[in-house]
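Report on the following structure.
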Amino acid sequence: MKKPAALLCIFVLGFILGLGIKFFYETKVFKAYTWRYKNPVILNCYGPDFSEINFIRAISYWTMRGFPIGFYEHNPPAGLCGERDLEGFIILRKATPGDLSSSTLASTTRRTSGTSLLSAEIIYSPNSFNLDLLNEHELGHALGFSHIEIEGHVMHPEYSKMSSRFWMP
């Protein structure tokens with residue numbers, strides 16, 4: 001009876017240690033994850049009112065900094081938009097009630113394996129995608145960057161303190 005309990009204890013401790021290492025990596029190391037499937041594909045599942053030109057500007061922002069995108073599909077097939085965790089894809093969605101707090105403009109969720117990105121999902125509050133630099137900031141998260149507390153950096157956690165500057169510290 002002691003052996004199964006010890007193995008369970010070791011498993012739980014290993015799992016907690018792994019989560020701690022991942023948390024440390026995401027919060028202390030300002031380095032992008034790498035996409036397992038080379039250049040991710042972006043699907044606009046937000047809907048037709050999402051600004052294509054604003055998002056293409058965000059893609060250009062990151063492409064010029066060495067983070068290429070496979071392609072952007074503004075009107076993807078409905079079947080793809082119903083899927084979750086499509087490997088190799090970044091999916092843009094409109095928030096539904098309860099997805100975001102009232103003060104949150106957008107949120108990005110990444111699915112990873114080690115330090116490799118498998119997929120990402122960006123959820124926007126209605127019409128927040130029109131705000132300057134918000135698409136660049138959220139796409140930065142989808143590409144693997146975390147927040148950085150340097151005023152004027154595009155990855156600053158406070159919208160009012162962001163600018164278009166980006167550099168690797």
Do the side chains of [X] and [Y] join up, straight or via other hydrophobic residues, at under 4.5 Å, putting them in one cluster?
{"X": "F89", "Y": "Y72", "answer": "no"}
{"X": "L86", "Y": "F71", "answer": "yes"}
{"X": "L134", "Y": "F166", "answer": "yes"}

Check your understanding: Any side-chain heavy-atom pair from H147 and H137 closer than 4.5 angstrom?
Key ->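 A side-chain contact under 4.5 Å exists here.
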Exercise for review: May I ask you to test the L105-Y124 pair for a side-chain heavy-atom distance under 4.5 Å?
Suggested key: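 They are not in side-chain contact.
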Review point. Among side-chain atoms of R110 and S119, is any donor-acceptor pair under 3.5 angstrom?
Key: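 S119 and R110 do not have a side-chain donor-acceptor pair below 3.5 Å.
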**Study point:** Pair S101-T104, side-chain donor/acceptor within less than 3.5 Å
**Key:**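 Short answer, yes.
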Point to revise | Charged N-O contact under 4.0 Å between R84 and E121 | key: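 Yes, this pair counts.
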Review point. Within 45° of the axis and under 6.0 Å from the centre of the six-membered ring of Y61, does NZ or CZ of R57 qualify?
Key: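 Output no; distance or angle outside limits.
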Check your understanding: For the residue pair W62 and F67, does the interplanar ring angle fall in the parallel (under 30°), tilted (30 to 60°) or perpendicular (over 60°) class?
Key ->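 W62 vs F67 ring planes: perpendicular.
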Review point. According to the interplanar angle, ranging from 0 to 90°, do the rings of H74 and F50 count as parallel (below 30°), tilted (30 to 60°) or perpendicular (above 60°)?
Key: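 Aromatic pair H74/F50 classed tilted.
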Check your understanding: Okay, side chain of H156, backbone of K161: is any donor-acceptor separation there less than 3.5 Å?
Key ->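 Flag not set: sc H156 to bb K161 has no pair under 3.5 Å.
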Practice item. Mark yes or no for whether N135, through its side chain, and F129, through its backbone, hold a donor-acceptor pair below 3.5 Å. Key: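 Side chain of N135 to backbone of F129, a donor-acceptor pair under 3.5 Å: yes, one is there.
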